J.: 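Here's a structure for you.
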Amino acid sequence: MMWLKAWKQNKENSLDQIALERLPRHVAIIMDGNGRWAKKRGLPRSMGHRAGVEALRKIVKTCSNLGIKVLTVYAFSTENWSRPKDEVGVLMTLLTEYLRKELQELHHNNVVIRAIGGISALPSEAQKELENSIKRTQNNTGLILNIALNYGGRSEIIDAVKKISNEVLNQKQKIEDINEKCISDALFTKGLPDPDLMIRTSGEMRLSNFLLWQLAYTEIVVTEELWPDFGEKSLLNAIKAYQQRDRRFGGIHTD
Ligand code: FPP
């Protein structure tokens, strides 16, 4: 299915008050609250995660239709390994299933699939599916769907420090030339713009080790909705809130 055509034909889509020329280029999301969503309904946590995948499918579609360049989603953190083995298994299976089921449609809609984090520690099935999806979509030119898996901001920075130290040791890098770009380029997100908007669902006011370097000047919107309830309208509201912010990047306005 071609998403954009169907979306444009649906008269119910209201883009009122959204300035399409000032969209965030990069949206990052902490998809929190799957467990609470399930608990509220007396369902097992796995059903909450399943509903979370459905929410993700819709948000990917909306971001693509809007023309947003990059969507980074926090699917599994380095800390999530401490959850019960069954739940870790469910999350990995859902990832594999998602890629298997959605790849065709994502590819058809010009989406580029990417991943950040310690991918080599994922179960081999998930890795295989991920590698296949990345390879298949690498030449697409639409939305970059960047999935954070076994991702931790601190461990990403540690890796970057090691990489740069090695370059210094091998005389490929001078200490006095180390700058922000050099550090950005040593992170998993190399080549991507920093997020303009970071959304966290479920009301929690934490970064939880997500994109620590990249979020330095990002506008943060926290919504009370649980992730499975977060839909197209919720995203548009977050974008509206973002567009009402006064981004100064540490400076002041002179007008
Ligand atoms: C937080 O909810 C959510 C996660 C730890 C995982 C997010 C994963 C998905 C939305 C689905 C899998 C992803 C892909 C890419 C297919 P929580 O379990 O911490 O909720 P709680 O705080 O209410 O318990």
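Atoms within a ligand are numbered from 1 in the order they appear, just like the ligands themselves. Everything numeric here is computed off the predicted structure, so don't read it as measured data. Computed from heavy atoms alone, side chains included, the values below leave out hydrogens, waters and symmetry copies.
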J.: Phe76: which residues meet the ring-ring contact (aromatic ring centres under 6.0 Å, His included) condition with it, sequence neighbours left out?
T.: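 Phe76: ring-ring contact (aromatic ring centres under 6.0 Å, His included) contacts with Trp81.
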J.: Quick check: does Trp227 get an N/O under 3.5 Å from an N/O on ligand 1?
T.: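 N/O-N/O distance below 3.5 Å does not exist for this pair.
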J.: Hey, can you tell me if Phe210 and Tyr74 have their rings parallel, tilted or perpendicular (30° and 60° cut-offs)?
T.: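 Aromatic pair Phe210/Tyr74 classed parallel.
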J.: How far is atom 20 (O) of ligand 1 from its nearest protein heavy atom, and which residue and atom is that?
T.: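 Here the closest protein heavy atom is Gly35 N, 3.0 Å.
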J.: Hey, does the side chain of Thr62 reach the backbone of Lys58 with a donor-acceptor pair shorter than 3.5 angstrom?
T.: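 A pair under 3.5 Å: yes.
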J.: Give the cluster check for Met31 versus Val70: same hydrophobic cluster or not, with ILVMFWY residues linked at side-chain heavy-atom distances below 4.5 Å.
T.: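 No; Val70 is not reachable from Met31 via cluster members.
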J.: Is the closest side-chain donor-acceptor distance between His26 and Asp194 under 3.5 Å?
T.: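 Side-chain D/A pair, His26 to Asp194: absent.
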J.: I need the nearest protein heavy-atom contact for atom 14 (C) of ligand 1: residue, atom name and distance, please.
T.: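 Result for atom 14 (C) of ligand 1: Leu56 CD2, 4.1 Å.
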J.: Between Arg45 and ligand 1, does any nitrogen or oxygen pair lie at a separation below 3.5 Å?
T.: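 N/O-N/O distance under 3.5 Å: yes.
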J.: Among all the protein's non-hydrogen atoms, which is closest to atom 19 (O) of ligand 1, and how far away is it?
T.: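 Sorting protein heavy atoms by distance from atom 19 (O) of ligand 1 puts Arg83 NH2, 2.8 Å first.
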J.: What protein heavy atom lies closest to atom 7 (C) of ligand 1? Include the residue and the distance to one decimal.
T.: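 The closest heavy atom on the protein side is Ala75 O, 3.6 Å.
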J.: If we set the cut-off at 4.0 Å for heavy atoms, which region of Glu97 has an atom near ligand 1: side chain, backbone, both, or neither?
T.: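 Contact part for Glu97 vs ligand 1: neither.
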J.: Any sub-3.5 Å donor-acceptor pair from Tyr151's side-chain atoms to Leu211's backbone N or O?
T.: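 Yes, the answer is positive, given that a donor and an acceptor are paired below the 3.5 Å cut-off.
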J.: Which residue holds the protein heavy atom closest to atom 3 (C) of ligand 1, what is that atom called, and what is the gap in Å?
T.: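 The closest heavy atom on the protein side is Met31 O, 3.1 Å.
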J.: Taking only heavy atoms of Asp32 into account, list the atoms of ligand 1 that are under 4.0 Å away from them.
T.: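 Per the distance check, 1 (C), 2 (O), 17 (P), 19 (O), 20 (O), 22 (O).
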J.: Could you please spell out the steps behind the salt bridge (charged side-chain N to carboxylate O under 4.0 Å, His left out) verdict for Glu54 and Arg57?
T.: CA-CA 5 Å; Glu54 282 310 303; Arg57 285 184 52 215; 2.8 Å; yes
J.: At what distance is the nearest protein heavy atom to atom 22 (O) of ligand 1, and which residue and atom is it?
T.: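 The protein heavy atom lying closest is Arg36 NH2, 2.9 Å.
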J.: Is there at least one pair of N or O atoms, one from Tyr98 and one from ligand 1, spaced under 3.5 Å apart?
T.: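 No, since none of the N or O atoms of Tyr98 sits under 3.5 Å from an N or O of ligand 1.
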J.: What protein heavy atom sits nearest atom 9 (C) of ligand 1, and how far away is it?
T.: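 Atom 9 (C) of ligand 1 sits closest to the protein heavy atom Asn34 ND2, 3.8 Å.
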J.: To the nearest 0.1 Å, how far is atom 12 (C) of ligand 1 from its closest protein heavy atom, and which atom is that?
T.: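 Result: Val53 CG2, 4.0 Å.
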J.: Can you list the steps and then say if Ile113 with Asn140 is a side chain to side chain contact (heavy atoms under 4.5 Å, CB included)?
T.: CA-CA 9 Å; Ile113 298 172; Asn140 288 345; over 6 Å; no
J.: Indicate whether any N or O donor in one side chain lies under 3.5 Å from an N or O acceptor in the other, for Glu180 and Trp213.
T.: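 No, Trp213 and Glu180 have no side-chain donor paired with an acceptor closer than 3.5 Å.
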J.: Using a 4.0 Å cut-off to any heavy atom of Asn80, which atoms of ligand 1 qualify?
T.: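 Selected atoms, number and element: 5 (C).
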J.: Hey, is Val73 touching ligand 1 through its side chain, its backbone, both or neither, going by heavy atoms under 4.0 Å?
T.: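 Answer for Val73: neither.
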J.: Going by the salt bridge (charged side-chain N to carboxylate O under 4.0 Å, His left out) test, name the single residue among Arg100, Lys101, Arg136 that passes it with Glu129.
T.: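 Result for salt bridge (charged side-chain N to carboxylate O under 4.0 Å, His left out) with Glu129: Arg100.
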